[in-house]
Amino acid sequence: MEEDYDWDDNKRRANREKHGIDFTAVYDFDWATASVEQDLRHSELRFVAYGYIGVMRLHVVVYSERGIRTRFISWRNADPPELRLYEKE
């Protein structure tokens with residue numbers, strides 16, 4: 001549901017400029033087949049999801065859960081080692 005997603009608009013613009021992906025891509029992200037793990041590198045509880053938008057490319061999504069909302073932090077194309085690891089799982 002649209003109301004379940006959240007992001008900072010400045011971070012959204014910066015992500016689009018740096019990685020070429022808009023956070024609104026979430027509406028096409030295949031959460032059902034995504035691999036999700038906790039990101040232990042930060043004091044804030046964050047998650048990293050590896051999944052596809054269509055069959056085009058594997059994406060890496062960093063987000064946190066804030067109440068009932070999923071707040072996006074970063075979204076980018078997976079690099080070759082991440083793609084190989086995802087395909088092994």
Side-chain angles (χ1 to χ4, degrees):
M1 285 190 241
E2 185 171 330
E3 63 272 4
D4 293 341
Y5 300 119
D6 188 24
W7 51 74
D8 176 275
D9 282 329
N10 291 327
K11 184 72 171 173
R12 175 184 170 200
R13 279 190 290 278
N15 194 84
R16 191 173 50 225
E17 289 174 15
K18 182 176 182 180
H19 300 294
I21 301 171
D22 194 303
F23 289 167
T24 59
V26 67
Y27 303 112
D28 297 319
F29 188 72
D30 187 0
W31 289 101
T33 62
S35 171
V36 179
E37 58 190 45
Q38 190 174 341
D39 184 350
L40 301 172
R41 299 174 298 159
H42 302 277
S43 58
E44 174 188 45
L45 181 59
R46 292 183 180 186
F47 299 92
V48 180
Y50 301 88
Y52 285 92
I53 295 175
V55 294
M56 298 297 292
R57 272 198 75 117
L58 183 68
H59 290 89
V60 179
V61 183
V62 178
Y63 65 95
S64 65
E65 295 291 340
R66 297 192 180 167
I68 62 168
R69 293 182 166 283
T70 299
R71 184 160 180 95
F72 295 102
I73 299 164
S74 176
W75 197 304
R76 63 179 175 77
N77 291 323
D79 60 30
E82 291 167 326
L83 180 59
R84 284 190 295 276
L85 184 62
Y86 179 85
E87 289 175 343
K88 281 175 99 173
E89 294 179 4

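As a basis for the values below, the full set of heavy atoms in this structure was taken, side chains included, without hydrogen atoms, waters or symmetry mates.
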Peer 1: Do you reckon Val26 sits in the same ILVMFWY cluster as Val48, going by side-chain contacts under 4.5 Å, direct or chained?
Peer 2: no
Peer 1: Do Val60 and Glu82 come close enough that some side-chain heavy atom pair is under 4.5 Å?
Peer 2: yes
Peer 1: Mind checking the CZ-CZ spacing from Arg16 to Arg13? Nearest 0.5 Å is all I need.
Peer 2: 7.0 Å
Peer 1: For a quick test of reading the model, state the closest non-hydrogen atom pair linking Ala34 to Phe29 and the distance between them.
Peer 2: CB-CE2, 3.8 Å
Peer 1: To the nearest 0.5 angstrom, please state how far the OH atom of Tyr52 sits from the CG atom of Leu58.
Peer 2: 5.0 Å
Peer 1: Mind checking the NE2-OH spacing from His59 to Tyr50? Nearest 0.5 Å is all I need.
Peer 2: 14.0 Å
Peer 1: Do the side chains of Trp31 and Trp7 join up, straight or via other hydrophobic residues, at under 4.5 Å, putting them in one cluster?
Peer 2: yes
Peer 1: Are any of the side-chain heavy atoms of Asn77 and Ile21 separated by less than 4.5 Å?
Peer 2: yes
Peer 1: Among the clusters formed by ILVMFWY side chains lying less than 4.5 Å apart, do Ile53 and Val36 turn up in the same one?
Peer 2: yes
Peer 1: If the plane angle is over 60° it's perpendicular, under 30° parallel, otherwise tilted; pick one for Phe23 and Trp75.
Peer 2: tilted
Peer 1: Rounded at 0.5 Å granularity, tell me how far CZ in Arg46 sits from OH in Tyr63.
Peer 2: 13.0 Å
Peer 1: To the nearest 0.5 Å, tell me how far Arg76 CZ sits from Arg57 CZ.
Peer 2: 10.0 Å
Peer 1: For the NZ atom of Lys18 and the OG atom of Ser74, what is their distance to the nearest 0.5 Å?
Peer 2: 7.0 Å
Peer 1: Is it the case that Arg12 and Asn15 place a side-chain donor and acceptor less than 3.5 Å from each other?
Peer 2: no
Peer 1: Donor-acceptor pair, Glu17 side chain versus Ala14 backbone, under 3.5 Å?
Peer 2: no
Peer 1: Say whether, by atom type as modelled, one donor and one acceptor occur between the side chain of Asp22 and the main chain of Ala25 under 3.5 angstrom.
Peer 2: no
Peer 1: Please tell me whether Tyr5 and Tyr27 form a close aromatic pair, meaning their ring centres lie under 6.0 Å apart.
Peer 2: yes
Peer 1: Among the clusters formed by ILVMFWY side chains lying less than 4.5 Å apart, do Val61 and Tyr86 turn up in the same one?
Peer 2: no
Peer 1: Output yes when Glu44 and Arg71 qualify as a salt bridge under the 4.0 Å nitrogen-oxygen rule, no when they do not.
Peer 2: no
